[in-house]
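Notes to accompany the following structure.
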Amino acid sequence: MSQKTAGAVLPDNPPYLVEPASRFAPARRRSIPVRVGNRVIGGDHPVLVQSMTTTNTKDIDATVLQTLELWNAGCELIRITTPTAKDAECLQEIVAKVRAAGCDAPISADIHFQPRAAHEAVKWVEKVRINPGNFVDSKAPGEMKEYDDASFAAGTLKVREAFAPLVREARARGVALRIGTNHGSLSDRMMWKYGDTVEGMVESALEYMRVCEEEDFDQIVFSMKSSNPRVAIQAYRLLAHRLEAGGHKPYPFHVGVTEAGDGEDGRLKSSVGIGALLRDGLGDTIRVSLTENPVQEIPVAKTLVSLCDPAKIPPVSGGPVRGDAAEAVPEAVSFYNYQRRESDVVTLKTPFGDLVAGGREPVAVGIVAPGVEWLPKGDRKPEWITGESWPVMRAHVGAPVPSGHEVVEVQIREVAELTDVTPPAAGKVLWSVDPAAANLPGLYRYLAAWLAAQGRKDLIVLRDRTDGTPEGNMAAAARLGSVLADGIGDLIHVDSAASVQASLNLAYDILQASAVRRSKPEYVACPGCGRTLFDLRSTTQRIRAKTAHLKNISIAVMGCIVNGPGEMADADFGYVGGAPNKVSLYVGRECVQKNIPEDEAPEALVELIKSHGRWIDP
Ligand code: SF4
């Protein structure tokens, strides 16, 4: 089947933020208010924290209990899995019981594949989420369907016919709708036209938005989720741009990273994706998807909202604001298409030997102390040390340039410091931002733009610091994730007050969470919902215990075969609930073993990895 290439329609880096916000001066994106029960998403209202139940919806008491647990934990909107019309019928009793218990949080129904379930759910809840990838279009397993322009247009018509009645019903009942695109579940039709791209994600949602606009209905919220935070960041940016450029209303955004996993990895991945977007002012409601009890998601989400509030982030001191001539300086990075910033390839002398850095080389992880005699156990080793032979000079006006060194790192704290600095010859100088600088990502963006304007391709060292607490680590991940998503950074050091080992681990983990460099297996694990066919938490831990020593491999652990295969993105291997207590194994998107008893499945996965030559003995 021929597939149209994307790219031709990708905007050539126009801003995705609306004046007066800019990439150097954050401000919350202006959005229209969307009423959801007794809450409002968007406008000037605080970012709303939400989560989703993981119970079987037909188990009404269990679903009511978990809804109340979420509400008691501070969850402000609770979404309930609604796989079928039968589940949707249960919503009437669930909502009645929840209200009787005093919970006034709005309830949303989560619909995939089943327009009938949506039509039933809209009677009982305050918000209905549909997935444009599967509301009407189906994704054929295996072979993709053939399309041409005429059949694509016929598909658009079919969307209109199927979706418009739901829109009318929602409008009549005062129910909000979420058009929730997932990277992993784009329809064949969109894949044919746009490929597996952020444009496909955005266009998929806009097709449904046009139906709402034709029906004069504006109570809609968008989401553009992916398990790859970089893809999510680019998709939300592109959507913001498309709405603005197309003269559409600025509908609010529900921001999230899907299948983030569990533990610290899940928190860092969420911080990188959700945090980077919130810092830029994109996001009116968020859901952190952890493979844990959903109650655990709430404090993480609240922490992110607080840490990444654009109102608390100052503009880059002395930097350009929208409309300034200085803003015409190109940033030399792509907002919508991940590319590493172009940098020289430089060989740096380190106590560990020569380090080739820059260009397309992996972002190299460094430490400041305690010196060459300190080497941690395990594979994650420091690759450079800032020390005697690698001085860091502040770039303030008139600072003498140290001589006699192989490498000098010039560090700025504000834009003004770049005005008079006379850097050493290219190839011998690295640039960084003082971690104490306010608005670190903004200043790194400015630095990249300034270097491009000077015609310099010097390497950039990402430096940040944390007090070593989970919150401090999440804040660093949000700051650095934002910069890494733009392809900026050739070396990285995250100073943790906890220990040198913690510094090292955090830097590697942030690179992994940002999908920039892998140093341990990548686990794509769904958060679970009413469709889940096994205990996701314990299963993920069992699989992790068997495979944690592998590198450069990604394994998806997905609770059901309905959405799992589509949502597991680009994982190398998939472990998917096929039936109660039965597991199907995937290589890429191909199912290679069906319905293995759950007890035997982890070992079968190991054998599968071995048979594909990806196993190494621990
Ligand atoms: S993959 Fe299946 S079980 Fe997991 S969250 Fe999605 S729908 Fe639920």
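Side chains are part of it too, since the values below use all heavy atoms of this structure and drop only hydrogens, waters and symmetry mates. Every number for a ligand or one of its atoms is a count from 1 in the order of the listing.
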Any donor-acceptor N or O pair under 3.5 Å, side chains His248, Glu213
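Note: His248 and Glu213 side chains meet the donor-acceptor criterion.
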
Would you kindly say whether Arg189 and Thr156 are connected by a side-chain donor-acceptor distance under 3.5 Å?
yes

So Ile78 and Gln50, do their side chains get closer than 4.5 Å, heavy atoms only?
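No; the side chains remain at least 4.5 Å from each other.
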
Are any of the side-chain heavy atoms of Lys127 and Ile41 separated by less than 4.5 Å?
yes

If you measure from atom 5 (S) of ligand 1 to every heavy atom of Gly528, Gly559, Gly184, which option wins on shortest distance?
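Residue with the shortest heavy-atom distance to the ligand atom: Gly528.
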
Give a yes/no answer: is there an N/O/S atom of Cys526 under 2.8 Å from atom 2 (Fe) of ligand 1?
no

Asn552 and side-chain contact (heavy atoms from CB on, under 4.5 Å): which partner among Glu522, Arg518, Lys520?
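Among Glu522, Arg518, Lys520, the one meeting side-chain contact (heavy atoms from CB on, under 4.5 Å) with Asn552 is Arg518.
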
Presence of N, O or S from Cys560 under 2.8 Å of atom 8 (Fe) of ligand 1
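Not a single backbone or side-chain N, O or S atom of Cys560 is under 2.8 Å from atom 8 (Fe) of ligand 1.
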
For Gly564, atoms of ligand 1 separated by under 4.0 Å from a heavy atom:
1 (S)

List ligand 1 atoms under 4.0 Å from Arg531, heavy atoms only on the residue side.
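Contacts of ligand 1 toward Arg531, numbered from 1: 7 (S).
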
Protein contact of [atom] - nearest heavy atom, named by residue and atom, plus distance:
atom: atom 3 (S) of ligand 1; result: Thr532 OG1, 3.4 Å
atom: atom 8 (Fe) of ligand 1; result: Cys529 SG, 2.2 Å
atom: atom 7 (S) of ligand 1; result: Asn563 ND2, 3.3 Å

Salt-bridged, Arg614 to Asp572, with N to O below 4.0 Å?
yes

